[in-house]
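Just so you know, these numbers come straight off a predicted model, no measurement behind them. Side-chain atoms are counted along with the backbone in the values below, which use heavy atoms only and exclude waters and symmetry mates.
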2 protein chains.
Amino acid sequence: MATRTVAQRREQQRREYDAFMATCPARKLLDRISDKWVSLVLTALTGGPQRYSDLSRRIAGVSQKMLTQTLRTMERDGLLTRTVTAAVPVRVDYRLTALGESLLPLMAAIKAWAETHIEAVERAQAAYDEASAQ
Amino acid sequence: MATRTVAQRREQQRREYDAFMATCPARKLLDRISDKWVSLVLTALTGGPQRYSDLSRRIAGVSQKMLTQTLRTMERDGLLTRTVTAAVPVRVDYRLTALGESLLPLMAAIKAWAETHIEAVERAQAAYDEASAQ
DNA sequence: CGGCATCCTGTGCGATACTG
DNA sequence: CAGTATCGCACAGGATGCCG
């Protein structure tokens with residue numbers, strides 16, 4: 001029965017990891033804002049409230065399913081508010097909350113790092129690819 | 001033939017999006033560092049070089065496949081170096097480069113935001129869930 | 001020890017069609 | 001206009017086995 005420890009250790013580690021993920025705020029945050037579309041919605045809403053259709057037009061390539069899903073999640077997280085205006089046709093506006101806006105400096109910092117270092121990264125990639133091609 | 005514009009517009013938008021993704025440094029960076037394991041490897045290597053087996057032990061729950069894949073990508077991006085010491089058994093050390101270390105302040109900023117605002121996010125989630133439960 | 005190759009499953013996500 | 005519901009599949013990623 002000694003061999004079962006292999007599988008058991010993995011299982012144990014997975015549980016440790018899950019517990020870590022559940023309690024680590026930074027990881028949870030990264031999971032959220034790193035979402036494919038969250039940063040784009042954040043940027044699109046920086047200039048002020050936008051309607052659903054505006055967002056879907058401004059964010060090229062997003063499917064309606066993912067846009068809705070992203071907006072719902074961000075609303076749940078308190079990053080934006082969803083305002084329905086009863087009319088024909090219906091009108092729905094999305095607006096960043098203070099919490100959502102507090103993320104903008106962080107996005108700016110990420111953007112700044114990227115613009116400063118992306119060249120170095122791409123040089124490293126080129127060098128790596130060339131070296132492994134031989 | 002007018003109806004084909006629907007599919008065509010989608011296709012067009014997808015191409016626009018791909019072009020955007022290919023040229024936006026911030027998005028590319030976000031895609032990298034938001035990877036499930038990159039931040040953990042970054043953290044694990046902060047204190048100095050580590051061997052492969054050390055990393056797999058320190059980062060609970062990572063599969064060997066994902067750890068290797070993450071390390072390869074980060075090496076390719078120039079974020080860390082991989083040093084093989086020929087011996088029996090082989091010894092492999094991973095160490096952050098200056099480029100990799102320059103990411104640490106950014107990670108710290110993310111961590112700081114998370115720790116400052118995570119409570120607000122969780123309150124928002126609780127409120128949202130309760131409201132939608134009725 | 002530090003991997004790589006293979007197989008296999010879950011599910012994220014796009015496409016499509018329908019509704020208030 | 002602003003979604004919800006359903007289907008289908010590509011693909012990420014875990015498990016396993018082999019190798020230098």
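Applying the side chain to side chain donor-acceptor pair (under 3.5 Å) rule to A/Ser53 yields no partners; only residues at least two apart in sequence or on another chain are considered. By the side chain to side chain donor-acceptor pair (under 3.5 Å) test, B/Arg76 pairs with A/Asp129, sequence neighbours left out. In this structure B/Thr43 satisfies the side chain to side chain donor-acceptor pair (under 3.5 Å) test with no other residue, sequence neighbours excluded. In terms of the side chain to side chain donor-acceptor pair (under 3.5 Å) criterion, A/Thr70 has no residue partners (sequence neighbours excluded). Evaluation of the salt bridge (charged side-chain N to carboxylate O under 4.0 Å, His left out) rule for A/Lys28 yields B/Glu122 as partners, not counting sequence neighbours.
No continuous path of ILVMFWY side-chain contacts below 4.5 Å connects B/Tyr128 to A/Met74, so the two sit in separate hydrophobic clusters.
Within the structure, side-chain hydrogen bond (donor to acceptor under 3.5 Å, both in side chains) contacts touching residues 79-91 of chain A (residues at least two apart or in different chains) are A/Arg82-A/Tyr94, A/Arg91-A/Asp93. Within the structure, no pair that satisfies the ring pair (Phe, Tyr, Trp, His ring centres under 6.0 Å) test touches residues 47-71 of chain A, not counting sequence neighbours. A salt bridge (Lys or Arg N to Asp or Glu O under 4.0 Å) check over residues 42-54 of chain A, counting only residues at least two apart or in different chains, returns the pairs A/Asp54-A/Arg57.
Atom-to-atom, CG of A/Asp35 to P of C/dG12 comes out at 11 Å; the value is rounded to the nearest Å. Separating the CH2 atom of A/Trp37 from the C1' atom of C/dG12 is a distance of 13 Å, rounded to the nearest angstrom. Rounded to whole Å, the distance from CG on A/Leu71 to P on D/dC1 is 16 Å. Rounded to whole Å, atom C1' of D/dG14 lies 14 Å from atom CG of B/Leu67. For A/Arg91 and C/dG20, the CZ to C1' distance is 19 Å, given to the nearest whole Å. A/Met66 places its CE atom 15 Å from the P atom of D/dG3, with the value rounded to the nearest Å.
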Listed pairs under 3.5 Å, donor-acceptor, residues 112-119 of chain A side chains, sequence neighbours left out:
unit_1   : atom_1 : unit_2   : atom_2 : d
A/Trp113 : NE1    : A/His117 : ND1    : 3.4
A/Trp113 : NE1    : B/Ser102 : O      : 3.2
A/Trp113 : NE1    : B/Ser102 : OG     : 3.1
A/Thr116 : OG1    : A/Ala112 : O      : 2.6
A/His117 : ND1    : A/Trp113 : O      : 3.1

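Minimum interatomic distance between A/Ser39 and A/Met107 (heavy atoms only, all atoms of both residues): CB-CE, 3.2 Å.
Residue-to-nucleotide proximity on DNA chain C shows that, of A/Val90 and B/Tyr94, the 5′-proximal contact is made by B/Tyr94.
Taking five base pairs at each end of the helix from C/dC1-D/dG20 to C/dG20-D/dC1, the local helix axes there meet at an angle of 50°, rounded to 10°.
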Under 3.5 Å, N/O pairs linking protein and nucleotides 4-6 of chain C:
unit_1 : atom_1 : unit_2  : atom_2 : d
C/dC4  : OP1    : B/Arg72 : NH2    : 2.9
C/dC4  : N4     : B/Gln64 : NE2    : 2.3

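Relative to the side chain of B/Gln69, the nucleotides D/dG13, D/dG14, C/dC1 differ in distance, and D/dG13 lies closest. Of the candidate nucleotides C/dG3, D/dG13, D/dG3, C/dG3 has the atom nearest to the side chain of B/Val92.
Contacts between residues 46-55 of chain A and DNA chain D, counted as heavy-atom distances below 4.0 Å, involve A/Arg51, A/Tyr52, A/Ser53.
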